[in-house]
Amino acid sequence: MAQKPAIPKGTRDFLPSEVAKRTYLFDTIKRVFKRYGFAPIETPSFELSSTLLGKYGEEGDRLIFRILNSGEKMRKADLEALAQDNLPRFANSLAEKALRYDLTVPFARFVVQHQNELQFPFKRYQIQPVWRADRPQHGRYQEFFQCDADVVGSDSLLHEVEFIQIFDEVLTALNLPGFDIQINNRKILTGIAEVCDVAQQIVELTVAIDKLDKIGEEGVFKELKEKGFSDLTLQKIQPLFELTGSNQEKIKHLRTFLASSEIGLKGLDELQYVFDRIAQLGLAKGTLNFDVTLARGLNYYTGAIFEVKAQGVKMGSICGGGRYDDLTALFGLKNLSGVGISFGADRIYDVLTELQLFPSDLDKSLDILIANFEPETELAHLQLLQKLRALGLAAELYPSSTKLQKQLKYANDRKARYVILVGEEERQQGKLTLKDMESGLQQQLSQAELLTKFEPLA
RNA sequence: GAGGUUGUAGCUCAGUUGGUUAGAGCGUCGGAUUGUGGUUCCGAAGGUCGCGGGUUCGAGACCCGUCUUCCUCCCCA
């Protein structure tokens, strides 16, 4: 019986017109990455479970797609763990491999494994799909692409500056009219926790204040209270929510607030450097904002934290990133500082679609169609096609000599710019008719004239 | 992982308190036009009503399960 076809939830098919848009998006990002000296690498779609598990917290482990052992390996199932109701251990014994959850952890594994073959500081970019067993929602898929660029082996703040320039350059090239690059520094958050005497609960603290723009000041206080923070702490944090004014004014206020925290002040110094450099260099369309409440969930960030939001659309962050001082330590290589960013290609795609910013001629897959009148001229047409294709033009001969009406409709649907007509009339005169599908105008040309006409277009 | 929501033609959606043969627009195909597309006119094809079970004389509609969609939370890009 014919079965209704379907694809798993949170996955998508891409039609030619969609692939054309995605290619445009990826190519724009790649072009900028390359200009800044990043080289592409690729890693496998799946890794050993042990490489991935435990790197993203409890929540992350739950969202990792596992690959069931096959054949004889099934016998490795730990039935004892099942009997003891230890489901995580049982699951691990069933699946030794898992689909890549992000590009950063596999990259850390890659760096450690190939450390002797790489030049440091090592700058790589990587555009590949990742998989998450998350519940799909607007702008959230189970299979999606990440476009990451990272530098490892350098603690220079130069990279932070360059990444901000990359955000600006890519998103400007994609014609986004406006976007906010939010920046914060993990050291400032650590300093805040120190000043408030809650250094141990920094994760709970930052996760809560990260939600400020979503649930408001009251919501944050409520959540902090539920997490067991004292009224005194809440009172100390309060001034943070009232930080207003320019980036410089915010930094100034925080210097007072964090006066007793060495690490907090270091974070402010780092931030100040980045702001100074960007002010001197300038940005095209982006604006750089200091946002103390920006935390991002990931625990491994230690310095700058970035997040980018597009203006004029209701969409979560479209880019993110930050500095992580010891990511490769997870795999045994210490003291290697890294900093990186990620473009959320699928979300950017949705934003560009919503704002109608994709160039209109992207899905043009055919420049010239030769209409098919009679089988006898087939060879001559194929020879003409060779010449047109040698010029770099996408050209094809309609495969059968059906009604001209149908062939023109096909050319129209394919968005072909020109149609070449060679019927009995033209053949007798040794000419061909070139029809411009946009203007509808036709002209009679010899083959040599035709090729001369198209030469500059190639 | 928790709660809610959706599913009818290729697409977007109608379908009354359960009652003959499930409709429309768009798209597709054919024709009006045997060498001229986009517009127009005429016609046609296309549906196990997500899937499985139940209630009923009778289910697209009601009930249960399941998958899917979208949303809120969690988390994230």
Side-chain angles (χ1 to χ4, degrees), chain A residues 1-13 15 25 29 56-64 87 100-104 127-148 203 206-208 210-211 214-215 219 223 295-299 306-310 314-322 340-351 366 369 371-374 398 401-427 432-442 444:
Chain A
M1 276 311 260
Q3 172 194 347
K4 223 175 205 176
I7 53 175
K9 68 175 172 184
T11 64
R12 295 153 297 162
D13 282 327
L15 295 168
L25 189 60
I29 295 170
Y56 308 101
E58 213 174 300
E59 185 70 25
D61 281 1
R62 212 188 71 213
L63 300 179
I64 291 173
L87 294 180
R100 171 169 71 210
Y101 177 85
D102 73 355
L103 300 179
T104 309
I127 299 182
Q128 290 192 276
V130 302
W131 294 269
R132 296 187 186 177
D134 203 357
R135 201 164 282 207
Q137 251 179 67
H138 179 60
R140 302 172 73 162
Y141 307 96
Q142 292 205 337
E143 178 185 63
F144 62 97
F145 276 73
Q146 286 192 335
C147 312
D148 282 21
V203 173
T206 52
V207 165
D210 188 34
K211 293 177 191 162
K214 213 169 175 181
I215 58 179
E223 179 161 336
R296 294 178 62 78
L298 293 172
N299 300 327
F306 308 111
E307 201 161 283
V308 182
K309 285 192 172 147
K314 214 183 145 199
M315 176 73 72
S317 60
I318 54 174
C319 309
I341 57 170
S342 179
F343 285 83
D346 298 274
R347 283 192 180 172
I348 296 173
Y349 181 96
D350 289 346
V351 169
L366 190 61
L369 178 77
N372 193 331
F373 282 86
E374 43 203 0
Y398 195 84
S401 52
T402 53
K403 307 172 38 160
L404 186 59
Q405 182 181 226
K406 197 172 173 181
Q407 300 191 36
L408 285 170
K409 185 169 158 37
Y410 174 78
N412 203 52
D413 292 344
R414 287 289 301 274
K415 296 192 168 73
R417 179 70 205 272
Y418 296 101
V419 172
I420 291 173
L421 304 160
V422 186
E424 217 183 314
E425 286 172 36
E426 287 88 351
R427 206 177 62 235
L432 36 82
T433 297
L434 180 69
K435 180 179 174 74
D436 184 324
M437 293 298 282
E438 276 170 34
S439 63
L441 297 176
Q442 301 187 174
Q444 300 246 319

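First the proteins, then the strands, lettered A, B, ... as listed; each starts at 1.
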>> Measuring only the P atom in each nucleotide, how far is B/C13 from B/U6? A whole number of Å is fine.
In response: 13 Å

>> In whole Å, I'd like the distance from the CZ atom of A/F144 to the C1' atom of B/C75.
In response: 12 Å

> Within this structure, what is the CD-to-P distance between A/E426 and B/G35, rounded to whole angstrom?
Replying inline: 12 Å

> Within the structure, does a side-chain N or O atom of A/K406 lie under 4.0 Å from either OP1 or OP2 of B/C29?
Replying inline: no

What does the list of N/O pairs under 3.5 Å between the protein and nucleotides 67-71 of chain B look like, with a distance for each?
residue : atom : partner : partner atom : Å
B/U69   : OP1  : A/G10   : N            : 3.2
B/C71   : OP2  : A/H138  : N            : 2.2

> Could you state the CD-P distance from A/E223 to B/C73, rounded to the nearest angstrom?
Replying inline: 12 Å

>> Can you check the distance between B/G47 and B/G15, where both ends of the measurement are the C1' atom (answer in whole Å)?
In response: 14 Å

> Any side-chain heavy atom of A/Q407 within less than 4.5 Å of one from A/N372?
Replying inline: yes

> What's the OH-P distance between A/Y101 and B/C76, to the nearest Å?
Replying inline: 7 Å

> So, do A/F373 and B/G35 meet the stacking rule of ring centres under 5.5 Å and planes under 30°?
Replying inline: no

>> Taking B/C63 as the reference, what is the distance to B/C70 when you measure between their P atoms (whole Å, please)?
In response: 24 Å

> Would you say the base of B/U36 and the side-chain of A/Q407 have a donor-acceptor pair closer than 3.5 Å?
Replying inline: no

>> In the structure I gave you, are the side-chain heavy atoms of A/I64 and A/Y56 within less than 4.5 Å of one another anywhere?
In response: yes

>> What's the gap between B/G46 and B/U40 when it is taken at their P atoms, as a whole Å value?
In response: 25 Å

>> What's the separation between atom CG in A/D210 and atom CD in A/E223, rounded to the nearest 0.5 Å?
In response: 10.0 Å

>> On the nucleotide B/C74, are OP1 or OP2 found under 4.0 Å from the side-chain N or O atoms that A/K211 carries?
In response: yes

>> Any heavy-atom pair between the side chains of A/I420 and A/L369 that's under 4.5 Å?
In response: no

>> Checking A/Q142 against A/T11: is there a side-chain donor and acceptor pair closer than 3.5 Å?
In response: no

> For RNA chain B, whose closest nucleotide is more 5', that of A/D346 or that of A/L408?
Replying inline: A/L408

> Atom CD of A/Q142 to atom P of B/A77: distance rounded to whole Å?
Replying inline: 16 Å

> A/Y56 OH to B/A77 C1': how many Å, rounded?
Replying inline: 13 Å

Is there any protein nitrogen or oxygen under 3.5 Å from a nitrogen or oxygen in nucleotides 38-44 of chain B, and what are the pairs?
residue : atom : partner : partner atom : Å
B/G38   : O4'  : A/N412  : ND2          : 3.2

> Quantified in whole Å, what is the P atom distance between nucleotide B/G10 and nucleotide B/C29?
Replying inline: 15 Å

>> Could you write out RNA chain B as dot-bracket? Rules: Watson-Crick or G-U wobble, both distances under 3.5 Å, brackets [ ] for crossings, | for pairs with another strand, dot for unpaired.
In response: ((((..(..((((.....[...)))).(((((.......))))).....(((((..]....))))))..))))....

> Start at the 5' end of RNA chain B and walk down; is the nucleotide closest to A/D134 or to A/D436 reached first?
Replying inline: A/D436

> If we only count heavy atoms from C-beta on, is the A/N412 to A/L408 side-chain gap below 4.5 Å?
Replying inline: no

> Between A/R132 and A/F144, is NZ or CZ placed under 6.0 angstrom from the six-membered ring centre and within 45° of the ring axis?
Replying inline: no

> Heavy atoms, side chains only, cut-off 4.5 Å: are A/M437 and A/V419 in contact?
Replying inline: yes

>> Please report the distance separating the C1' of B/A22 from the corresponding atom of B/G58, rounded so that it comes out in whole Å.
In response: 16 Å

>> Expressed as a whole number of angstroms, how long is the span from A/L103:CG to B/C76:P?
In response: 16 Å

>> Tell me the interatomic distance from A/Y410, atom OH, to B/G27, atom P, rounded to whole angstroms.
In response: 20 Å

> Is there side-chain contact between A/Q146 and A/Q128, with at least one heavy-atom pair below 4.5 Å?
Replying inline: no

> Would you say the side chain of A/R140 lies within less than 4.5 Å of the side chain of A/D346, judging by non-hydrogen atoms?
Replying inline: no

> How far does the C1' atom of B/C51 sit from the matching atom of B/U12, given to the nearest Å?
Replying inline: 23 Å

> Distance between the C1' atoms of B/A9 and B/A24, in whole angstroms?
Replying inline: 11 Å

> Among A/L434, A/L421, A/D436, which one satisfies side-chain contact (heavy atoms from CB on, under 4.5 Å) with A/Q442?
Replying inline: A/L421

>> Is any side-chain heavy atom of A/P129 closer than 4.5 Å to one of A/R100?
In response: yes

